[in-house]
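Written out below as structure tokens is the structure these notes cover.
Numbers restart at 1 for each chain; the letters A, B, ... are given by sequence-line order, proteins then strands.
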Amino acid sequence: MSIKVKLENGREAEYPQGTTCMDLYRNKVTENKNLLAVLVDGKECDLNRPLTDHSEVTFVDFDSPKGADIYRHSASHVMAHAVKRLYPTAKLGIGPAIENGFYYDIDFEEPISADDLPAIEKEMKKIIKERKPIQRREMSREEAEKLFKEKNETYKLELLADLPEDAVISCYEQDDFIDLCAGPHLSHTGLIKAFKLTGLAGAYWRGSEKNPMLQRIYGTAFPSKERLQEHLLMIEEAKKRDHRKLGRELDLFSLHEEGPGFPFLHNNGMIVWQELTDFWRVEHRRAGYEEIKTPLILNRTLWEQSGHWDHYQDNMYFTEIDELDYAVKPMNCPGAMLVYKSKMHSYRDLPRRIAEMGIVHRHELSGTLHGLMRVRSFTQDDAHIFMLPDQIEDEVAGIIELMDLFYSVFGFDYRIELSTRPEKAMGAVELWDQAERLLEKVLVDRGIEYKINEGDGAFYGPKIDFHLEDCLGRNWQCGTIQLDFQMPEKFDLTYIGEDGAKHRPVVIHRVVYGSMERLMALLIEHYSGAFPAWLAPVQVAVLPVTDRSHEYAVKISEELKNEGFRVEADLRSEKVGYKIREAQVKKVPYMLVVGDREVENNQVAVRHRHEGDLGAETLTDFIVKLKKEIAEKII
RNA sequence: GCCGACGUAGCUCAAUGGAAGAGCAGCUGAUUUGUAAUCAGCAGGUUGCGGGUUCGAGUCCCACCGUCGGCUCCA
């Protein structure tokens with residue numbers, strides 16, 4: 001019997017049933033010489049899997065979306081294989097491909113150390129050199145259970161038990177190594193051309209801290225040594241952009257043992273901060289927000305009322321005043337609720353958008369602290385929007401628009417996630433479902449791409465999160481829009497409706513920057529410390545060539561200061577080259593070199609930190625251009 | 001919090017269990033310099049903190065603190 005196969009280029013041909021994709025390849029149906037696997041009707045498959053029915057076949061190489069994953073997944077099997085050869089009693093957890101690499105979680109009888117990784121790499125090289133065929137074996141559940149019981153792979157047995165009733169149970173086998181795995185995989189181990197084990201870390205089995213901790217070995221693999229080198233070099237380069245390193249070098253902030261997780265901002269950091277908040281205030285007033293400020297410390301009864309006492313206590317700091325319990329605020333919402341309640345509201349007053357640059361304190365686990373990205377005290381650019389139920393959609397849409405405005409100015413790419421009901425949620429399931437559907441509708445209606453983050457919502461409501469990447473590609477949540485039907489109940493918030501009766505408003509909690517500290521960290525990494533002129537702590541460095549031009553240098557510095565620019569004149573008796581180097585290292589956007597020629601012509605020689613020498617012009621011309629650059633927030 | 005690594009001058013890093021060093025930054029002086037580092041000199045430390053082993057500890061052991069990489073958690 002023959003089957004019809006449709007290929008990626010649209011061609012269709014008939015082949016005998018049982019033909020493998022490898023056969024098609026040998027038949028030269030594709031030009032691609034670096035095949036790893038295929039998609040059969042959109043589903044990933046091994047090259048040597050026989051085709052049983054009419055199918056549509058797409059060939060996959062390393063550079064296709066799924067290709068790198070398949071390649072690295074096979075690399076993780078080779079690593080597990082090597083580990084089992086060296087440590088026969090080690091038990092395997094899971095070993096998937098991840099962005100830019102792979103890992104395998106392994107339970108070693110005696111923990112290994114990073115020093116043991118080279119030996120594992122060496123064994124992997126052997127396995128690769130042996131070009132062991134990788135074979136798929138489908139088997140019954142009983143057969144698989146027997147197999148992994150014999151091998152004492154208890155974690156695999158646990159995975160097996162959790163597979164659905166009707167699941168096809170497959171294993172992949174290379175030499176004497178066999179692993180429970182859905183596949184697909186490369187056809188033999190020799191196809192892995194370049195790899196490196198990059199790290200060793202602890203990881204809870206199945207991600208739960210109640211489970212034992214396994215050792216996770218991270219690695220990466222590429223189809224050539226050059227590409228691997230390139231990747232490793234890129235990571236080295238990215239580390240130079242680390243905000244913790246730049247923060248010190250540019251004198252933006254510091255961290256001290258005396259206050260773990262409580263960052264100290266220096267003058268340079270404060271300038272960036274102020275510019276960010278100034279910009280924020282302008283845009284928020286324009287968008288119809290009011291601004292308030294609420295206390296850092298509030299009475300226990302308030303936190304009991306808000307639900308934080310029950311749901312958030314582990315993260316809170318406490319104190320006592322006049323023998324009464326108080327808590328340092330971990331969130332701004334209860335304060336905002338009290339402000340709303342301080343007067344009566346008519347439906348005509350809503351929506352009321354109440355913003356607050358609020359400092360919150362949260363006790364985060366010590367192991368999670370990370371520069372300015374993850375701290376124990378931070379400033380949220382918070383706002384609470386009190387509205388009628390039928391205003392929700394417009395308000396959410398308005399916030400998304402505002403969010404995009406800010407992120408575009410910074411030049412950030414962002415990713416949106418919809419987070420749904422968590423386990424320790426407050427309130428009725430129906431309300432949650434309703435709120436989740438509403439948020440989803442806003443995203444869908446606007447054609448916005450998003451990912452669902454199951455169970456990751458706040459305890460009082462679902463949320464839309466905006467995620468940004470740091471220099472190493474790690475994701476950080478910044479903006480968030482959280483719908484809340486709970487807080488209005490807890491605080492008995494009301495407004496008088498058209499009908500003269502009291503009604504319950506809906507509340508949205510939202511932040512755009514997220515936390516000022518995290519935003520600063522992301523901006524530092526995003527710009528590699530070279531802030532655009534509007535944010536730069538020093539915008540212009542005036543560099544006299546000799547002492548003869550000091551007077552002129554001081555004069556133009558004063559003029560620039562009077563125009564509102566942030567200026568520094570370097571009057572040391574050093575050569576210009578030295579002064580330029582220092583200004584470059586400090587990433588000052590503009591350097592004005594002034595020597596005898598400029599004094600004589602009443603000009604300044606402009607040098608841009610990236611574009612170099614731009615030639616001489618009058619100070620007035622320079623001022624006009626820089627003012628425009630700053631006003632338009634040009635990146 | 002958990003697993004692992006690390007902690008020496010402001011920064012980057014040296015120092016077989018046997019005299020704590022270098023470069024940069026800083027300070028002083030000389031130099032008057034034209035688009036990424038002028039020269040010379042000076043100063044800078046209870047080696048994270050506390051115990052222990054040893055004739056002797058930056059180095060070995062224990063506990064704590066902090067940082068880094070992950071896990072968990074999260075803005």
Side-chain angles (χ1 to χ4, degrees), chain A residues 103 105 111-115 198-218 239 242 244-245 248-249 251 254-261 314-315 330-331 358 360 362-382 419 422 456 458 463 465-468 472 474-480 482 509 511-519 521-522 543-550 572-585 591-598 605-609 612-616:
Chain A
Y103 67 77
D105 285 348
I112 62 162
S113 81
D115 300 337
T198 50
L200 182 65
Y204 298 111
W205 166 239
R206 309 193 111 184
S208 167
E209 56 192 330
K210 293 181 190 91
N211 288 336
M213 184 164 265
L214 312 183
Q215 285 192 288
R216 175 172 297 179
I217 306 176
Y218 284 94
K239 282 183 184 157
D242 193 308
R244 293 165 296 193
K245 183 174 150 66
R248 189 172 50 236
E249 289 171 1
D251 199 14
S254 57
L255 296 160
H256 302 270
E257 241 182 83
E258 290 81 352
D314 291 349
N315 285 292
M331 294 187 195
V360 295
R362 298 181 185 176
H363 179 76
E364 304 292 353
L365 296 178
S366 59
T368 65
L369 301 180
H370 184 102
L372 292 186
M373 295 280 191
R374 188 76 191 278
V375 293
R376 283 176 171 162
S377 166
F378 55 100
T379 303
Q380 289 187 307
D381 66 317
D382 220 339
S419 295
D456 215 28
K463 52 182 189 166
D465 295 330
F466 293 69
H467 293 254
L468 301 176
L472 287 174
R474 291 176 288 214
N475 264 288
W476 298 93
Q477 185 187 311
C478 285
T480 176
Q482 313 183 343
H509 312 243
V511 288
V512 176
Y513 288 163
S515 108
M516 290 296 295
E517 288 78 1
R518 182 174 288 180
L519 176 75
L522 287 162
L543 313 177
V545 179
T546 71
D547 295 3
R548 290 192 299 283
S549 356
H550 276 192
R572 293 173 305 175
S573 60
E574 296 287 351
K575 303 210 275 191
V576 244
Y578 182 89
K579 296 181 184 178
I580 286 172
R581 180 184 154 76
E582 200 159 288
Q584 286 284 154
V585 169
M591 286 153 261
L592 299 183
V593 177
V594 292
D596 295 337
R597 287 202 296 274
E598 287 70 29
V606 181
R607 182 191 165 94
H608 185 265
R609 67 181 164 205
D613 194 349
L614 300 178

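- Counting to the nearest Å, the C1' atom of B:rU28 and the CZ atom of A:Arg572 are 15 Å from each other.
- One atom, NE2 of A:His256, and another, C1' of B:rC65, lie 16 Å apart when rounded to the nearest Å.
- The gap from the P atom of B:rC60 to that of B:rG66 amounts to 23 Å, rounded to the nearest Å.
- Of the N and O atoms on the side chains of A:His370 and A:Thr368, not one donor lies less than 3.5 Å from an acceptor on the other residue.
- Across A:Pro260 and A:Leu369, no two heavy atoms sit closer than the pair C-CD1, 4.0 Å.
- Residue A:Glu598 is classed as a base contact, given a heavy-atom separation below 4.0 Å to a base.
- Separation of the C1' atoms belonging to B:rG44 and B:rC65 is 26 Å when rounded to the nearest angstrom.
- Look at the C1' atom in both B:rC61 and B:rA20: the space between them is 23 Å, to the nearest Å.
- Atom CD of A:Gln215 is separated from atom C1' of B:rC3 by 8 Å (rounded to the nearest Å).
- If you find the closest nucleotide of RNA chain B to A:Arg548 and to A:Ile112, the one lying nearer the 5' end belongs to A:Ile112.
- The structure places CD of A:Glu364 at 11.0 Å from OG of A:Ser377, a figure rounded to the nearest 0.5 Å.
- Between B:rC62 and B:rG7, the two P atoms lie 16 Å apart (nearest whole Å).
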- Treat primed atoms plus P, OP1 and OP2 as sugar-phosphate and everything else as base, then score nucleotides 70-75 of chain B 5' to 3': B for base contact with protein heavy atoms under 4.0 Å, S for sugar-phosphate contact only, - for none. BBBBBB
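- Across every strand in view, B:rA40 sits in a pair with B:rU28 that passes the Watson-Crick or G-U test at under 3.5 angstrom.
- In this structure, A:Ile217 places its CD1 atom 14 Å from P of B:rA5, rounding to the nearest Å.
- Considering only heavy atoms from C-beta on, A:Lys239 stays 4.5 Å or farther from A:Lys245 through its side chain.
- With a cut-off of 3.5 Å on both pairing distances, the Watson-Crick or G-U wobble partner of B:rC2 is B:rG70.
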- Task: Please lay out, stage by stage, how A:Arg376 and A:Glu517 fare under the test salt bridge (Lys or Arg N to Asp or Glu O under 4.0 Å).
- Result: CA-CA 11 Å; A:Arg376 283 176 171 162; A:Glu517 288 78 1; over 6 Å; no
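- For the residue pair A:Tyr218/A:Arg216, the side-chain donor-acceptor check at 3.5 Å is satisfied.
- Here the shortest heavy-atom pairing between A:Gln215 and A:Leu200 reads NE2-CD2, 4.0 Å.
- At a cut-off of 3.5 Å, with distance as the only test, a side-chain donor of A:Gln584 or A:Arg607 sits close to an acceptor on the other residue.
- Taking atom CG of A:Leu255 as the reference point, atom P of B:rG10 lies 17 Å away to the nearest angstrom.
- Using a 4.0 Å heavy-atom criterion, one finds that A:Leu369 contacts the sugar-phosphate atoms exclusively.
- Searching all strands for a Watson-Crick or G-U wobble partner of B:rG7 with both distances below 3.5 Å returns B:rC65.
- At the heavy-atom level, A:Gly358 lies nowhere under 4.0 Å from the strands shown.
- Under 4.0 angstrom from either OP1 or OP2 of B:rG1 there lies at least one side-chain N or O belonging to A:Ser366.
- Within 4.0 Å (heavy atoms only), A:Ala583 reaches no atom of the nucleic acid at all.
- The phosphate of B:rG69 (OP1 or OP2) has a side-chain N or O of A:Arg244 nearer than 4.0 angstrom.
- Only the C1' atoms considered, B:rU53 is 15 Å distant from B:rA63, to the nearest whole Å.
- Summarising the geometry of A:Leu522 relative to A:Cys478, their closest heavy-atom pair is CD1-SG, 3.3 Å, with the distance given to 0.1 Å.
- The two residues A:His550 and A:Thr546 come nearest to each other via the heavy atoms CD2-O, 3.5 Å.
- The pairing partner recorded for B:rC13 is B:rG21, the criterion being a Watson-Crick or G-U wobble arrangement whose two distances lie under 3.5 angstrom.
- When the P atom is compared between B:rA36 and B:rG21, the two are found 37 Å apart, to the nearest whole Å.
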- Going 5' to 3' along nucleotides 36-44 of chain B, which nucleotides have protein heavy atoms under 4.0 Å from the base (write B), which only from the sugar-phosphate (write S), and which from neither (write -)? BBB------
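- Across the interface with RNA chain B, nearest-nucleotide mapping of A:Leu214 and A:Gly612 shows A:Leu214 to be the residue nearer the 5′ end.
- Searching all strands for a Watson-Crick or G-U wobble partner of B:rG56 with both distances below 3.5 Å returns nothing.
- Using atom P as the reference point in both B:rG23 and B:rC39, the two lie 12 Å apart (nearest Å).
- What separates NZ of A:Lys245 from C1' of B:rC68 is a distance of 14 Å, to the nearest Å.
- For the pair A:Gly595 and A:Ser549, the tightest heavy-atom approach, listed with the atom from each and the gap, is CA-OG, 3.6 Å.
- Comparing the same atom, C1', in B:rU16 and in B:rU12 gives a spacing of 24 Å after rounding to whole Å.
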